[in-house]
Amino acid sequence: MRALPADLPDGPVFVPCCGTFPELDALAARLPGREIVGVDLSAGMAAKARKRSEGNPLAHVVEGDASALEPASAAAIVSVFGLQQLPEPDAALRSWAGALRPGGLLSVVYWPHSTEPGGPFTVLSDVLRERVPAGDRSWEERLVPALSDLVLERDEPLSFPMAHPDADTFFTAHTRSGPMRPLASMRGEGFIAALREEFLRRAPEGEWRHRPLARHIVARA
């Protein structure tokens, strides 16, 4: 959000894949008087986002496809760890680029394929790969080409310290309310229990600190 300049064109700021809309308060403080629109396909997420936005007349939540925004409709687009959840991330990024008004800004952060050596994400990925084939990540190579109509201002790693009380807390959050919840729903409790056992066998005891690397892309229309 700090990448957003003061000289944005008129129009709303869109937050695709907004989830529960945790970006709202910071965006409203940074851009007072600006309409902020969250978009999420999940009815449950959209309901929680609307609850969070109560009391802010400039905040709106749309339940719909976050990968396809209306062309030339946005002053800015901010996406925080939503891109990698979409079926075709590169196509979504191209749509977001087309949704910007002249002078508008796109600020997207997501988890790339390689985030860290030896941290919780890597250990979990190693355990998972022994049971579930890796998905196609070739879309990462197509992200910058998808922004060919924009001026690329930034493409860099971002790293901040993260801490978890213990490995079991991390695993529980990841599978119950995090990115592996869909897999847990599909494979069932037995699969998750076996995954947990192996993950905890390889994980260190006690508090687990790490600095995973995200990727931050900023581009201007």
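When side chains are defined from C-beta on, M180 does not count as touching R187, because their heavy atoms never get closer than 4.5 Å. Looking at heavy atoms from C-beta onward, L158 lies out of side-chain contact with L213 at the 4.5 angstrom threshold. In this structure the side chain of I36 never reaches within 4.5 angstrom of the side chain of L58, judged on heavy atoms. For the pair H216/P157, no side-chain contact is recorded, criterion being any heavy-atom separation below 4.5 Å from C-beta on. Residues P89 and Q84 have side chains not in contact (no heavy-atom distance under 4.5 Å, counting atoms from C-beta outward). At a threshold of 4.5 Å between non-hydrogen side-chain atoms, the residues V13 and I77 do not count as touching.
Linking Ile, Leu, Val, Met, Phe, Trp and Tyr residues whenever their side-chain heavy atoms come within less than 4.5 Å leaves V80 and L147 in two separate clusters. Both I192 and L124 are members of a single hydrophobic cluster when ILVMFWY side chains are connected at heavy-atom separations under 4.5 Å. No continuous path of hydrophobic side-chain contacts links L93 to V218 [ILVMFWY only; heavy atoms under 4.5 Å]. The hydrophobic cluster containing V39 does not contain V78, counting ILVMFWY residues as joined when their side-chain heavy atoms lie under 4.5 angstrom apart, directly or transitively. Placement of L27 and F14 in two distinct hydrophobic clusters is found when ILVMFWY residues are connected by side-chain heavy-atom separations under 4.5 Å, directly or transitively.
Within 6.0 Å of CZ in R181 there are 12 or fewer heavy atoms belonging to other residues, nucleotides or ligands. Sparse packing is recorded around CD of E88, with 12 or fewer heavy atoms of other residues, nucleotides or ligands lying under 6.0 Å away. Applying the 6.0 Å contact sphere to CZ of R202 captures more than 12 heavy atoms from other residues, nucleotides or ligands. Heavy atoms of other residues, nucleotides or ligands lying less than 6.0 angstrom from NE2 of H113 number 12 at most. Environment of CD in E156: crowded, with over 12 heavy atoms of neighbouring residues, nucleotides or ligands closer than 6.0 Å. Around the CZ atom of R142, the shell of radius 6.0 Å holds more than 12 heavy atoms that belong to other residues, nucleotides or ligands. Other residues, nucleotides and ligands contribute only 12 or fewer heavy atoms inside 6.0 Å of the CE atom of M45.
Residues P5 and R220 approach most closely at CG-NH2, 3.4 Å, considering heavy atoms. Listed here is the closest heavy atom pair of C18 and E23: O-OE1, 4.0 Å. Here the closest heavy-atom approach between residue R34 and residue A75 is recorded as NH1-CB, 3.4 Å. Contact detail for D90 and L143: the closest heavy-atom pair is CA-CD2, 3.8 Å. Scanning all heavy atoms of the two residues, the minimum distance from P204 to A167 falls at O-CB, 4.3 Å. Contact detail for A46 and V61: the closest heavy-atom pair is O-CG1, 3.8 Å.
Atom OG of S185 and atom CZ of F191 lie 12.0 Å apart (nearest 0.5 Å). The line from CG of L86 to OG of S95 is 10.0 Å long, rounded to the nearest 0.5 Å. A distance of 9.5 Å separates CD in E130 from CG in L195, rounded to the nearest 0.5 Å. The distance from the CG atom of L152 to the CD1 atom of I217 is 7.0 Å, given to the nearest 0.5 Å. To the nearest 0.5 angstrom, D168 atom CG is 12.0 Å from E205 atom CD. Taking CG of L83 as the reference point, atom CD of E140 lies at 9.0 Å (rounded to 0.5 Å).
Under the 3.5 Å distance criterion, with hydrogens and angles disregarded, no donor-acceptor pair is assigned to the side chains of D40 and S42. Donor-acceptor pairing under 3.5 Å is recorded for the side chains of D166 and T169. At a cut-off of 3.5 Å, with distance as the only test, no side-chain donor of Y110 or Q85 sits close to an acceptor on the other residue. Between the side chains of S148 and R94, not a single donor N or O lies within less than 3.5 Å of an accepting N or O.
Here the side chain of R30 pairs a donor or acceptor atom with the backbone of M1 at under 3.5 angstrom. Checking side-chain atoms of R129 against main-chain N and O of V132 turns up a donor-acceptor pair under 3.5 Å. Without hydrogens or angle criteria, T20 side chain to K48 main chain gives no donor-acceptor distance under 3.5 Å. Of the possible donor and acceptor atoms, one in the side chain of R211 sits under 3.5 Å from a partner among the backbone N and O of S159. With W96 contributing its side chain and A66 its backbone, the two residues share a donor-acceptor pair below 3.5 Å.
Residues W111 and F121 place their aromatic rings such that the two centres sit under 6.0 Å apart.
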Show your reasoning for whether side chain to side chain donor-acceptor pair (under 3.5 Å) applies to S53 and H60. CA-CA 7 Å; S53 64; H60 308 284; over 6 Å; no
In sequence, state the C-alpha distance, the side-chain angles, and the governing distance for T172 and R196, and then conclude on side chain to side chain donor-acceptor pair (under 3.5 Å). CA-CA 9 Å; T172 299; R196 181 194 298 273; 3.1 Å; yes
Go through it in stages, so that I can follow the logic: the residues are V37 and V15, the test is side-chain contact (heavy atoms from CB on, under 4.5 Å), and I'd like the CA-CA distance, side-chain angles, deciding distance and then a yes or no. CA-CA 6 Å; V37 182; V15 183; over 6 Å; no
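The pair R101-D10 does not meet the salt-bridge criterion, since no charged nitrogen lies less than 4.0 angstrom from a carboxylate oxygen. With respect to the salt-bridge test (charged N to carboxylate O, under 4.0 angstrom), the residues R209 and E207 qualify.
For T115, there are no side chain to side chain donor-acceptor pair (under 3.5 Å) partners at least two apart in sequence or on another chain. E35 meets the salt bridge (charged side-chain N to carboxylate O under 4.0 Å, His left out) test with no other residue; sequence neighbours excluded.
Note on ring orientation: taking the six-membered ring where Trp is involved, the planes of H210 and W208 are tilted (angle from 30° to 60°).
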